[in-house]
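Because the structure is predicted, anything quoted here is derived from the model rather than measured. We name chains A, B, ... by the order of the sequence lines, and we start the count at 1 in each one.
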Amino acid sequence: MAHWLFKSEPSSWSWDEQVAAGEAGTAWTGVRNHLARKHLQAMRLGDQGFFYHSNEGKAVVGIVEVIREYYPDHTDPTGRFGMVDLKAVEPMPEPVTLEAIKAQPELADMVLIRNSRLSVQPVTDEEWRIVRRLGGL
DNA sequence: GCCAACGTTGGC
DNA sequence: GCCAACGTTGGC
């Protein structure tokens with residue numbers, strides 16, 4: 001099972017809103033980057049990912065799960081991009097800040113650090129384990 | 001609010 | 001197909 005990281009500015013879509021969407025989840029609209037799209041296409045039902053708040057917060061705040069695989073993003077006028085559906089699984093008991101991630105030598109190669117602008121990122125099994133542990137899971 | 005990094009666009 | 005100009009993202 002692969003792991004991922006989804007970035008969102010809380011002012012446009014926050015963890016609280018994701019939780020409020022419940023079991024039905026929501027479509028992760030708005031990805032307009034080819035590499036991010038490649039990651040969306042590689043996602044499978046049941047894959048889990050980190051929900052990261054960018055700008056305000058700058059922390060991993062929860063775990064989400066893929067509940068629908070890649071399909072066209074109706075908000076994309078060009079029709080070139082797609083999306084997946086996500087639902088909230090559980091919050092991090094302790095948000096894992098960007099600062100805390102940077103402080104971990106084992107996490108120096110995380111895409112979050114190396115290519116901070118990418119909005120949908122792969123997370124290795126080891127990174128998954130370490131960040132979960134930092135967050136108290 | 002600034003600016004570096006990076007992706008995209010469009011003229012040639 | 002190259003590359004300058006431009007827009008956006010996101011950390012600081």
What bend angle does the helix from B/dG1-C/dC12 to B/dC12-C/dG1 show across its length, from five-pair end axes and to the nearest 10 degrees? 10°
May I have the distance from [X] (atom [atom1]) to [N] (atom [atom2]), rounded to whole angstrom?
X: A/Leu5; N: C/dG10; atom1: CG; atom2: P; answer: 11 Å
X: A/Arg114; N: C/dG10; atom1: CZ; atom2: P; answer: 18 Å
X: A/Leu112; N: C/dT9; atom1: CG; atom2: P; answer: 16 Å
X: A/Met110; N: C/dG11; atom1: CE; atom2: P; answer: 12 Å

For a quick test of reading the model: is some side-chain N or O of A/Lys7 closer than 4.0 Å to OP1 or OP2 of C/dG10? yes
May I ask you to evaluate whether A/Tyr52 reaches the phosphate of C/dT9, defined as a side-chain N or O under 4.0 Å from OP1 or OP2? no
Measure from the side chain of A/Asn55, starting at C-beta and using heavy atoms only, and say which of B/dT9, C/dC12, C/dG10 lies closest. C/dG10
Between A/Ser14 and A/Glu17, does a side-chain hydrogen bond (donor to acceptor under 3.5 Å, both in side chains) hold up when you go through it step by step? CA-CA 5 Å; A/Ser14 70; A/Glu17 289 171 283; 3.2 Å; yes
Could I get the full list of ring-ring contact (aromatic ring centres under 6.0 Å, His included) partners for [X], not counting sequence neighbours?
X: A/Tyr70; result: none
X: A/Trp15; result: A/Phe51
X: A/Phe50; result: A/Trp128

Applying side chain to side chain donor-acceptor pair (under 3.5 Å), which residue pairs with at least one partner in residues 76-98 of chain A are found, sequence neighbours left out?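 Residue pairs with at least one partner in residues 76-98 of chain A: A/Glu23-A/Lys87, A/Tyr71-A/Asp85, A/Asp76-A/Thr78, A/Thr78-A/Arg80.
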Could you tell me if the side chain of [Y] sits less than 4.5 Å from the side chain of [X], heavy atoms only?
X: A/Thr124; Y: A/His3; value: no
X: A/Leu86; Y: A/Val66; value: yes
X: A/Ile130; Y: A/Glu106; value: yes

Reading nucleotides 3-8 of chain C from 5' to 3' and marking B where a protein heavy atom lies under 4.0 Å of the base, S where only the sugar-phosphate is that close, and - otherwise, the string is ----BB
